[in-house]
Amino acid sequence: MSKLTQSFKPAAPRARVYLDHNATTPPDSHVLEKLSTWANDWGNPSSIHQAGRGPKTRIRESRDAVAKMIGTSALEVVFTTGGSESNNTAVRGALAALRRKGDQRRHILSSALEHPSLRRVFDSLVHEGYEVELVPVDRSGIVKVSDVEARLRPGETVFCSFMLVNNETGVIQPVKEIARLAKAAGAYVHTDAVQALGRIDLNLHDLGVDYASLAGHKFYGLRGAGVLFSRRGAPLDPLIHGGGQERNRRGGTENTLAIASMGYMCSRAGEVSDRAAKMKELRDLFEARVLREIQDSSVNCLASPRVASTSSLLLPGTDGETLLMSLDMEGFSVSTGAACSAGSPEPSPVLLAMGLSRGEAQCSLRVGLGWSTTREDIEVFIEALKKVVARLRSLREWQPIATERPHEPSMKVSL
Ligand SMILES: Cc1ncc(COP(=O)(O)O)c(C=O)c1O
């Protein structure tokens, strides 16, 4: 029997088609309905008087719901403000605690695919005496377990961080196998699971990691709440020192409203696989039509294990920024890459790390489907995309690759 017992209505009016769910998701309509009730619990959850009891209960219920959804104990759930804070806390918090206990190991292993909220922490750690090694990736977008195994150094590798789902390609990484090997080598393991929450079923204990990062606004909750899963017994010093909240793992008065919205959405974990199956049908239809109807288009990581909600396209003869702006004017919200890099003319570091040329990375487009995406959305979007691509190609006098004349190398498409 279908688990989709509750209707899902987007909060935003549907004049436009929103296909950028990897950047953020619209709050679920039930979340918006419950906001004023939650807001009425305005007290400080740390207060021991009456006003603190309501918010304290909300946070407890949310913690239980999150823990149930991700297969952990409630005590292992630390509320933060979002994915970036969770990533920063996992790395810096674990390493600080380990150093304090006298751990001398300084080798960190991660991948070339990680989000800037990890990449930049690693950059700063290099200046603090750590050696950070990034496992390369090829066009499959998958971190190979054997490449990780070859770089693990027992006695030296202290920390490994490998994302579970890539935000640009949607590729699901073999984190369980990586975690098993890294743990066997004595390292602590973190996964950035921000793009996994609500897209695939999660069981973090089964995954075998020590830490994981999540963000509520990627799963139809409000911005301002995230989670750091910290396995019981895993070393963790707080990044933000404060009044002892979150069992001394994250100081600061909790954002009850955002936390309540995240907890509420996690209580709907049972819907994830059916929603994903519906999105996969739409995504497959979308990609099949793009490949068939837009000449020389391709889909990044087509054959790799991917979440159903992400499609990363290469559209030669266009450039992502102009494509994005033209589609925006037509009423469609999509992205050229990570939300945080939007507006930057630099091509996606993730696509470059996968071995795409700058030109290829510059003509990429990320389409992110969500729970409210309909077949009609996809159909109108394909028509708009075809139109915009054709217009951009004609402006650039682009020649199709397939019909390129062999004796005229100067006709070669300049990507
Ligand atoms: C994989 C990944 N990690 C971390 C983040 C950062 O999350 P937040 O925006 O909640 O700080 C994002 C956001 O795009 C992401 O996609």
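Ligands are counted one by one from 1 in listed order, and the atoms in each one are counted from 1 as well.
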Subject >> Atoms in ligand 1 flagged as close to Ala215, the criterion being non-hydrogen separation under 4.0 Å >> reply: 10 (O)

Original post:
Does any N/O atom on Asp192 come nearer than 3.5 Å to any N/O atom on ligand 1?
Top reply: yes

Original post:
Would a distance-only check, ignoring hydrogens and angles, find a side-chain to backbone donor-acceptor pair under 3.5 Å from Ser333 to Tyr18?
Top reply: no

Original post:
With a 4.0 Å cut-off, would you call Glu85 and Arg92 a salt bridge?
Top reply: no

Original post:
Quick check: does Ser117 get an N/O under 3.5 Å from an N/O on ligand 1?
Top reply: no

Subject >> Basic-acidic side-chain contact under 4.0 Å: Glu383, Lys387 >> reply: no

Subject >> For Asn87, the ligand 1 atoms whose distance to one of its heavy atoms is below 4.0 Å >> reply: 3 (N), 4 (C)

Subject >> Basic-acidic side-chain contact under 4.0 Å: Lys278, Asp274 >> reply: no

**OP:** Return a yes/no value for His217: is any of its N or O atoms, backbone included, closer than 3.5 angstrom to an N or O of ligand 1?
**Re:** yes

**OP:** Please check if the side chain of Ser110 supplies one atom and the backbone of Ser161 the other of a donor-acceptor pair under 3.5 Å.
**Re:** yes

Original post:
Using heavy atoms and a threshold below 4.0 Å, how should the contact between Glu85 and ligand 1 be classified: side chain, backbone, both, or neither?
Top reply: neither

Original post:
Do the charged groups of Asp20 and Arg366 touch, with an N to O distance under 4.0 Å?
Top reply: yes

Subject >> Those atoms of ligand 1 less than 4.0 Å from some heavy atom in Gln195 >> reply: 1 (C), 15 (C), 16 (O)

**OP:** Could you say whether the N/O atoms of Val194 and ligand 1 ever approach to under 3.5 Å?
**Re:** no

Original post:
Is it the side chain, the backbone, both or neither of Met163 that has a heavy atom closer than 4.0 Å to ligand 1?
Top reply: side chain

Original post:
Any salt bridge between Asp328 and Arg16, counting N to O under 4.0 Å?
Top reply: yes

